[in-house]
Amino acid sequence: MKKTQHLNLHQSKLNTHEFLLCIFGTGDLGRSLGQRLLQSGYKVVYGSRRPHSCGPVPQGAQVMSHTAAAQSASVVFICIQREHYGFLEQLAPQLKRKVLVDVSNNLRKNLYPEANAEYLQRLTPEAYVVKAFNTLSAWALQNGPSDSNRQVYLCGNSTEAKEAVTEIATRLGFSVQDRGSLSAARELEDFPLQLFPLWRLPLRLAFGLTAFFFFYLLTRDVIYTYATQKKDISFRIMVSLANKVFPIVSLIMLALCYLPGVIAAVFQLYRGTKYRRFPDWLDRWMLCRKQLGLLALAFAFLHVLYTLIIPIRYYVRYKIAASTIAKVKQPHNTTIAWRSDSYYSMGILGFGLYVLLGITSLPSVSNALSWREFSFIQSKLGYLTLFFCTFHTYLYGWDMFLRSSYYKWYTPPGYMLSLLVPSVVLVLKLLLLLPCVDRSLTRIRQGWERTEPQDDSQKSLIT
C-alpha cells in the first residue's frame with residue numbers, strides 16, 4: 001500500500017498541470033492564487049461552505065462544496081485561517097493521500113503551541129502537508145513575481161509532496177527554497193511577522209548618532225555663541241546645523257560598513273583558520289552591513305540636497321554681498337583655490353561612487369552581476385569611496401585643528417570626531433594589504449590552517 005501511495009503521488013507530481021488544483025477559501029489570497037494558477041494553465045476548483053453564494057471567483061474557476069472539491073483534486077491549497085480548520089478533520093477520508101498546501105499565517109508569534117501546518121497534519125494524518133506560499137502577499141500572487149518578492153519557502157515531511165508543490169511554484173514563476181521537514185513550519189510562519197529585523201540595529205545607530213551630533217553641534221555653535229557673544233544664530237539650526245550633522249553621520253556609518261570586515265580579517269589572522277565562527281556580535285554586525293550602507297547613502301543624499309540650497313538662503317546672500325568688496329581687495333591665493341577645488345572634486349567623486357554602491361545593492365542589479373563583479377564594486381570601490389569621502393572631510397577641516405578658536409569650550413569640531421572611525425578603518429585596511437599580511441590572509445581564506453605547537457606535541461605523544 002505504501003508503495004502504491006508513493007507511485008500515485010509521484011505521478012501527480014509529474015502531471016500536476018493536467019489535474020484540478022483545489023483551493024479552500026475565497027478570500028483575497030485564495031482569489032489571487034486561483035487567478036495566477038489559471039493564468040499559468042492550471043484548472044482550478046474552489047471548495048466553499050456556500051458554493052452558490054461564496055462571492056466572486058476568477059473567471060474559468062469552478063466552485064463546489066468542500067467534499068466534492070477535495071475528491072476531484074490531487075493538490076489542495078488551504079487558504080483559510082487556523083481557527084476554521086475544524087471541518088478538515090471531517091474531510092480526512094477525502095483528503096487521504098492528497099497534498100495539502102498550508103498558506104496560513106498568525107497575527108503574532110507564539111499564538112498557538114504548535115505551527116498551523118503541524119496542527120493541519122494532526123487533523124489529517126494520512127494527507128501530505130506542505131507549508132508554502134505563506135510569505136507571499138495577495139498582490140504578489142496576482143501580479144506575478146518581482147525581484148523583491150519572488151521566493152517561495154516550503155517545508156514538509158514528504159519529498160514527493162514538496163516536489164509537486166515546487167513544480168507548481170516554478171510554473172508560476174517563483175523560485176523555491178526548501179527549508180526541510182514540517183518542523184520548520186513555525187519558522188516560516190514567523191517570517192511575515194518580522195518587522196525590518198536587519199534594519200533595527202542600523203536605524204538605532206543612525207538615530208543615536210544623529211541625536212548625539214545634533215546636540216553636540218547645537219551646544220558648540222548656537223549655545224556657545226549666545227553665551228559668549230549674546231548673539232542669536234538659532235536660525236542656523238534648520239540648514240547649517242543639519243548640513244553638518246548629515247555628512248558626519250553618513251561618513252561614520254559608511255566606515256562602520258567596512259569595519260567588521262577588517263575585524264573579521266584580524267580574527268582569522270589571529271586564529272590561523274577560517275573555520276572557527278566569529279563572535280555573535282560580529283555576525284550580527286556583518287549581516288546588517290547592507291542596511292548600514294543604504295542609510296549612509298540616504299544621509300549623503302540629504303547632505304547634497306542641503307548643500308544645493310545654500311546659495312539661495314537669505315543669510316548666505318547677505319554674507320556674500322557684505323564680503324564681496326573686501327574679497328576683491330585681497331590677492332588671489334593659489335593654495336586656497338587648490339584646496340577648494342580638491343574639496344569639491346573629492347566630494348563629487350565620493351558621492352558618485354556612493355550612488356554606484358547603492359545601485360549595485362539592489363536585488364535586480366546584484367543578481368545580474370557575477371560574484372567577482374559584485375565583490376569588486378562593494379569591496380574595492382567601497383574602500384575607494386570611503387577614502388574619497390574621508391579625504392573630502394580632511395580638506396574641509398584643513399588647518400582648523402591648529403587653531404584654538406575652533407575648540408569651543410575645549411571641545412573638538414564635529415568633523416574631527418567624524419574622522420576617527422574612517423581613519424582607523426583605512427589604516428587597518430592598509431596594514432592588511434601589506435604583502436606579508438595579505439599573503440597569509442589569502443592562504444587562510446583558501447583553507448590553510450596554522451598548526452599549533454601543542455597539537456604537534458600531542459601528536460608525538462600519541463605516536
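Atom CZ of F374 has more than 12 heavy atoms from other residues, nucleotides or ligands within 6.0 Å. Summarising the local packing, CZ of F388 is surrounded by more than 12 heavy atoms from other residues, nucleotides or ligands at distances under 6.0 Å. Shown here is Q177, whose CD atom has more than 12 heavy atoms of other residues, nucleotides or ligands within 6.0 Å. For L107, the CG atom is loosely surrounded, since the number of other residues' heavy atoms within 6.0 Å does not exceed 12. No more than 12 heavy atoms of other residues, nucleotides or ligands shown are found within 6.0 angstrom of CZ on F376. In the displayed structure, M286 atom CE is contacted under 6.0 Å by more than 12 heavy atoms of other residues, nucleotides or ligands.
Using a 4.5 Å cut-off on side-chain heavy atoms (C-beta onward), L88 and I78 make contact. The shortest side-chain heavy-atom distance between W281 and P279 falls under the 4.5 Å cut-off. Here the side chains of L123 and Y119 are in contact, with some heavy-atom distance below 4.5 Å. Contact annotation: the side chain of L292 never approaches that of L254 to less than 4.5 Å [non-hydrogen atoms, C-beta and beyond]. By the 4.5 Å heavy-atom criterion applied to side chains, T219 and F214 are not counted as neighbours. Contact check for L33 versus L136: no side-chain heavy atoms found under the 4.5 Å cut-off. Counting heavy atoms from C-beta outward, F191 and N134 have side chains that stay 4.5 Å or more apart. A 4.5 Å side-chain heavy-atom check between V355 and I359 finds at least one atom pair inside the cut-off.
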CA sep, side-chain torsions, deciding dist, call: F351, F301, ring pair (Phe, Tyr, Trp, His ring centres under 6.0 Å):
CA-CA 8 Å; F351 182 70; F301 262 110; 5.0 Å; yes
Passes side-chain hydrogen bond (donor to acceptor under 3.5 Å, both in side chains), N116 versus D102? Steps please.
CA-CA 8 Å; N116 296 349; D102 178 33; 5.1 Å; no
Decide yes or no on side-chain hydrogen bond (donor to acceptor under 3.5 Å, both in side chains) for S104 and Y85, but give the supporting numbers first.
CA-CA 11 Å; S104 65; Y85 279 7; 3.0 Å; yes
N110 and R186: CA distance, side-chain angles, deciding distance, side-chain contact (heavy atoms from CB on, under 4.5 Å) verdict:
CA-CA 9 Å; N110 302 319; R186 182 177 290 277; 3.7 Å; yes
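No donor-acceptor pair under 3.5 Å is formed between the side chain of W448 and the backbone N or O of G272. The backbone N or O of F267 lies less than 3.5 Å from no partner atom in the side chain of R276, so there is not a single donor-acceptor pair. Checked by atom type and distance alone, the side chain of K274 pairs as donor or acceptor with a backbone atom of R445 at under 3.5 Å. Judged purely by atom type and a 3.5 angstrom limit, H392 has no side-chain atom pairing as donor or acceptor with the backbone of M346.
In this model, no donor atom of one side chain and acceptor atom of the other lie less than 3.5 Å apart for Y306 and S240. A donor-acceptor contact closer than 3.5 angstrom is absent between the side chains of Y112 and E114. Side-chain contact, S183 with S181: a donor N or O sits under 3.5 Å from an acceptor N or O. Side-chain atoms of Q378 and T360 form a donor-acceptor pair, as typed in the model, at a separation below 3.5 Å. Using modelled atom types, one finds a donor on one side chain and an acceptor on the other under 3.5 Å when comparing T411 with R220. Residues Y354 and S250 bring a donor and an acceptor atom of their side chains to less than 3.5 Å of each other.
Of all heavy-atom pairs spanning V165 and A132, the tightest one is CG1-CB, 4.0 Å. When all heavy atoms are compared, the tightest approach of G293 to C257 is N-SG, 3.1 Å. In plain terms, the two heavy atoms of R31 and V57 that are nearest each other are CD-CA, 4.5 Å. Shortest non-hydrogen contact noted between T67 and Q94 is CG2-CG, 3.9 Å. Nearest approach of F278 to Q268, heavy atoms of both residues: CZ-NE2, 3.7 Å. Nearest approach of L241 to I237, heavy atoms of both residues: CB-O, 3.5 Å.
Using cut-offs of 30° and 60° for the angle between ring planes, the F133 and F174 rings count as perpendicular.
In this structure, D221 does not pair ionically with R236, as no charged nitrogen and carboxylate oxygen lie closer than 4.0 Å.
S423 pairs by the side chain to side chain donor-acceptor pair (under 3.5 Å) definition with Y394, not counting sequence neighbours.
Geometrically, R97 does not engage Y128 in a cation-pi contact, judged by NZ or CZ lying under 6.0 Å from the ring centre and within 45° of the ring axis.
The ring of F24 has its center no closer than 6.0 angstrom to the ring center of F77.
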